[in-house]
Asks: 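Okay, here's the structure, questions in a sec.
Protein chains get the first letters and strands the later ones, always in sequence-line order, with residue 1 at the start of each.
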There are 4 protein chains.
Amino acid sequence: MAETPAASTGECKPMRADAARNRDKLLKVATQTFTDKGADASLDHIAKAAGVGIGTLYRHFPTREDLVMAVYSRQIDALEERSHELPAQHDPVEALHEWMRGFVDYYAVKQGMVTLLRSMMQSSPDAFAEARGRLRAATERILQPAIDAGGIRGDVSAEELLRALGGICLSSGTPAGATASAASTIALVDLVFDGLRYGAPSAS
Amino acid sequence: MAETPAASTGECKPMRADAARNRDKLLKVATQTFTDKGADASLDHIAKAAGVGIGTLYRHFPTREDLVMAVYSRQIDALEERSHELPAQHDPVEALHEWMRGFVDYYAVKQGMVTLLRSMMQSSPDAFAEARGRLRAATERILQPAIDAGGIRGDVSAEELLRALGGICLSSGTPAGATASAASTIALVDLVFDGLRYGAPSAS
Amino acid sequence: MAETPAASTGECKPMRADAARNRDKLLKVATQTFTDKGADASLDHIAKAAGVGIGTLYRHFPTREDLVMAVYSRQIDALEERSHELPAQHDPVEALHEWMRGFVDYYAVKQGMVTLLRSMMQSSPDAFAEARGRLRAATERILQPAIDAGGIRGDVSAEELLRALGGICLSSGTPAGATASAASTIALVDLVFDGLRYGAPSAS
Amino acid sequence: MAETPAASTGECKPMRADAARNRDKLLKVATQTFTDKGADASLDHIAKAAGVGIGTLYRHFPTREDLVMAVYSRQIDALEERSHELPAQHDPVEALHEWMRGFVDYYAVKQGMVTLLRSMMQSSPDAFAEARGRLRAATERILQPAIDAGGIRGDVSAEELLRALGGICLSSGTPAGATASAASTIALVDLVFDGLRYGAPSAS
DNA sequence: TATGAATGAGATTTCATTCAT
DNA sequence: TATGAATGAAATCTCATTCAT
């Protein structure tokens with residue numbers, strides 16, 4: 001995966017204004033497109049929709065993976081931020097519950113990270129270590145305090161929680177029918193949350 | 001989606017021997033291929049690998065969906081069978097636990113239904129109602145007795161349980177790394193199983 | 001072009017009853033199909049529509065041309081018959097006029113010989129000599145008496161008249177619009193008929 | 001049917017030199033190929049013969065119809081031009097006669113518009129309105145003055161004349177044999193021309 | 001004789017990727 | 001830097017034709 005000129009970090013040369021504009025437009029369109037059609041959507045179409053030539057897309061994102069990665073990374077930015085805000089507003093266990101619901105309901109489903117994830121899992125097994133790492137860290141930032149506070153069992157790792165939440169997201173829009181999703185998805189999250197409390201110190 | 005001549009039911013004319021052989025070979029190869037590369041693998045390659053002309057593949061499965069559907073349906077046959085055997089060998093709650101572990105560990109993951117599912121969810125939202133229906137019925141056959149026996153909470157539907165299990169399967173082989181899977185997947189199943197027991201009549 | 005077992009002439013072995021039935025059904029369906037979709041329609045579809053296997057079609061008509069030829073030949077049978085009846089019912093010049101109008105309006109257009117002709121001209125330049133010969137003979141049977149009777153110029157051959165009529169048929173359903181056809185086609189025939197009388201002995 | 005960048009009009013951006021070269025080469029080869037084998041010739045072969053990739057052909061002419069249309073349109077360009085030149089060189093009636101002979105003999109037959117037309121009529125009934133309109137206008141430009149000058153009957157429309165001429169062209173290369181064509185085609189044109197004069201004011 | 005399964009050669013079309021302008 | 005033209009490798013699908021049953 002080739003290195004692309006730093007986008008936000010501002011190292012290197014500070015990227016010409018129009019170039020940055022193009023990059024932004026591309027990311028925005030790509031997010032939408034990947035959300036709609038999965039990560040194997042036509043790059044040509046994305047370029048067209050962003051109003052730039054296909055060559056420009058390739059300049060900014062030399063490989064498809066670079067583009068997917070950039071889109072995915074952006075989604076995670078939002079989740080990361082949330083992991084910093086929640087603890088300030090709720091007690092640890094409640095924060096965990098909020099995090100779980102929010103993760104599934106808003107960030108993953110509504111923001112379209114799901115389709116993206118599905119596609120990524122299909123093709124690129126583990127090329128997303130960095131982004132995934134940030135996500136795990138964010139989850140830990142929420143999970144650990146809840147365990148420490150004593151309402152949640154300690155034998156579940158952030159990794160596993162993440163997988164549970166991810167799984168729920170992924171199974172949204174299953175053949176089962178997209179309609180049941182809204183309510184039933186929350187029910188599932190609560191089911192897992194109950195599982196997390198069961199047998200935990202505070203419940204004994 | 002055109003109907004293909006009944007394979008196993010044996011009604012109609014009893015399908016020529018070579019035709020049946022070809023159909024079988026195709027299904028076997030397709031199952032393997034879809035498992036490896038997802039449901040958008042090249043049909044050409046499948047035909048080649050099965051040792052038949054591409055035309056033969058199209059005769060048996062006029063559309064890609066017909067083939068995917070046939071493969072998927074076969075996978076479910078095994079699960080259906082299991083839903084009949086388990087209750088005879090275990091008490092209801094234990095049978096449920098077994099079913100859940102088996103579903104995820106063996107049938108879904110090892111048999112490769114996962115990759116297939118991922119692809120299907122991507123492209124054909126709800127063309128699999130029949131197969132899905134059979135799967136739900138099988139799950140119900142396991143879940144309901146456990147609820148009736150009094151060890152499992154009654155406010156979770158077969159549909160939701162299926163989604164939970166499906167979700168766990170789908171998140172196997174996540175960017176997180178395929179290695180953690182084995183153990184962590186079982187852990188997740190147990191987490192959900194615990195959730196099912198939590199607050200159930202027998203636990204109060 | 002391979003020889004097919006005589007259909008109506010009854011030489012050779014007198015063809016089994018079911019075989020004859022199949023042959024007839026095939027011809028009927030083929031006529032309709034060629035009329036609708038041109039002479040390069042799918043033979044498979046014709047066989048299916050006729051309710052016989054593709055192998056049976058090939059047994060009766062070893063090449064596509066054999067089938068097209070048989071269909072075309074049948075159409076001409078009707079025209080030939082008409083060339084025998086008309087002279088008995090009209091005076092020669094009037095018979096010619098009738099023949100011309102009838103040729104274009106009924107036999108060619110309504111019977112669908114047009115599409116067939118178009119296709120044939122595309123692919124098989126001169127493989128239809130025999131049928132064409134019968135058609136020319138029929139035309140001559142109508143044209144010559146009219147010339148002899150003195151109302152029609154003698155420097156136009158049956159061949160040319162046939163081409164004129166054929167041309168008019170062929171240009172029916174032209175991009176120009178299929179609607180104008182009915183009236184305008186008759187107008188064209190009359191235009192040619194006028195040309196035939198112009199400068200003829202009776203007109204001087 | 002997608003719009004292709006203007007070829008000759010030169011508006012828009014002035015098309016890259018190599019693109020224009022390719023487009024031209026494609027049109028030239030396509031004209032020849034369609035002339036020889038009809039409008040359903042292989043696009044692959046055309047691309048190969050033009051020395052470009054198949055993708056390039058599709059870039060310039062997104063559908064087969066776009067290509068056919070472009071070829072047809074070009075042929076009509078020549079006829080249009082002729083309709084402007086003839087009146088300057090001949091008196092109206094003579095110009096009409098010239099136009100008719102030229103149309104059939106040179107432009108249609110020798111330039112190969114015939115095969116193209118046959119194919120088009122088969123498949124694309126009325127997608128050629130624009131080109132057809134130009135052709136009708138050209139015919140009118142020749143016909144009307146002849147009628148006004150008083151040597152030609154006024155009850156025949158340009159549309160009908162066009163159909164007559166078209167019909168004659170189409171019946172060239174009939175099963176009858178391509179040999180008779182040359183002379184006999186002219187004879188037919190003259191027959192129609194005579195029909196146009198018959199009963200006209202100047203003849204009474 | 002009849003059937004329809006199998007074959008495999010095309011035809012169309014779509015895209016990722018490279019490069020000339 | 002940006003553009004979009006060109007390329008050509010797939011992939012899907014359709015049929016004519018042959019042959020086993």
Asks: For G51(A) and A41(B), find the nucleotide of DNA chain F closest to each by heavy atoms; which residue's nucleotide sits nearer the 5' end?
Replies: G51(A)
Asks: With the side chain of A19(A) defined as its heavy atoms from C-beta on, choose the nearest nucleotide among dA16(E), dA16(F), dA2(F).
Replies: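 Nearest listed nucleotide: dA2(F).
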Asks: Take atom NZ of K25(C) and atom P of dT3(E), then tell me their distance rounded to the nearest Å.
Replies: 12 Å
Asks: Would you mind reading off the distance between D44(D) atom CG and dA11(F) atom C1', rounded to a whole angstrom?
Replies: 14 Å
Asks: At under 4.0 Å, does any side-chain N or O of H60(D) touch on OP1 or OP2 of dA6(F)?
Replies: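 True: H60(D) side-chain N/O within range (under 4.0 Å) of dA6(F) OP1/OP2.
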Asks: Quickly work out the R64(A) CZ to dC15(E) C1' distance and round it to whole Å.
Replies: 9 Å
Asks: Could you check which of dA16(E), dT7(F), dT12(F) has an atom nearest any side-chain atom of T56(D)?
Replies: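 The answer is dT7(F).
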Asks: Between dA6(E), dT7(F), dT3(F), which one does the side chain of N22(B) approach most closely?
Replies: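 So the side chain of N22(B) is nearest to dA6(E).
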Asks: May I ask you to decide whether R23(A) forms a salt bridge with D18(A), counting only side-chain N to carboxylate O separations under 4.0 Å?
Replies: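 No, this pair does not count.
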Asks: Can you measure I46(A) atom CD1 to dT17(E) atom P for me and round it to whole angstrom units?
Replies: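 Atom CD1 in I46(A) sits about 12 Å away from atom P in dT17(E).
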Asks: May I have the distance from K48(C) (atom NZ) to dA2(E) (atom P), rounded to whole angstrom?
Replies: 17 Å
Asks: Could you tell me the separation between the CG atom of D40(B) and the CZ atom of R64(B), rounded to the nearest 0.5 Å?
Replies: 6.5 Å
Asks: In the structure shown, which nucleotide is the Watson-Crick or G-U wobble counterpart of dT21(F), with both distances under 3.5 Å?
Replies: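 By the stated definition (distances under 3.5 Å), dA2(E) pairs with dT21(F).
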Asks: Decide yes or no for Y58(A) and L67(A): does some side-chain heavy atom of the first lie under 4.5 Å from some side-chain heavy atom of the second?
Replies: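 Counting from C-beta outward, Y58(A) and L67(A) never come under 4.5 Å.
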Asks: Tell me which of H45(D) and R21(D) sits closer to the 5' end of DNA chain E, going by the nucleotide each one is nearest to.
Replies: H45(D)
Asks: Apply side-chain contact (heavy atoms from CB on, under 4.5 Å) to the pair F34(A) and I46(A), showing each step before the final yes or no.
Replies: CA-CA 9 Å; F34(A) 287 156; I46(A) 291 178; 3.8 Å; yes
Asks: For dT14(E), give the paired nucleotide (Watson-Crick: N1-N3 plus N6-O4 or O6-N4; G-U: N1-O2 and O6-N3; both under 3.5 Å), or none.
Replies: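 Pairing partner, where one exists within any strand: dA9(F).
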Asks: Please report the shortest heavy-atom distance between A131(B) and M69(B), naming the atom on each side.
Replies: CB-CE, 3.8 Å
Asks: Any idea which of dT3(E), dT3(F), dA6(E) is nearest the V52(A) side chain?
Replies: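 From the listed options, dT3(F) comes nearest.
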Asks: Just the rounded figure in Å: distance from P of dT12(F) to CZ of F61(B).
Replies: 15 Å
Asks: Choose from dT3(F), dA9(F), dC15(F) the nucleotide whose nearest atom is closest to any side-chain atom of S42(C).
Replies: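 It is dC15(F).
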Asks: For DNA chain F, whose closest nucleotide is more 5', that of D18(D) or that of Y58(C)?
Replies: D18(D)
Asks: Could you tell me if D36(D) and T33(D) have a donor-acceptor pair between their side chains, going purely by distance under 3.5 Å?
Replies: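 T33(D) vs D36(D): no donor-acceptor pair found between side chains.
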Asks: Can you figure out which of dA6(F), dA16(F), dA16(E) approaches the side chain of L43(C) most closely?
Replies: dA16(F)
Asks: From CG of L67(C) over to P of dC15(F), roughly how many Å is that when rounded to an integer?
Replies: 16 Å
Asks: In whole Å, what is the span from the CG atom of D40(B) to the C1' atom of dT12(F)?
Replies: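 The distance from CG of D40(B) to C1' of dT12(F) comes to 13 Å, rounded to the nearest Å.
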Asks: Could you please name the option among dT17(F), dA9(E), dT13(E) that lies closest to any side-chain atom of I54(B)?
Replies: dA9(E)
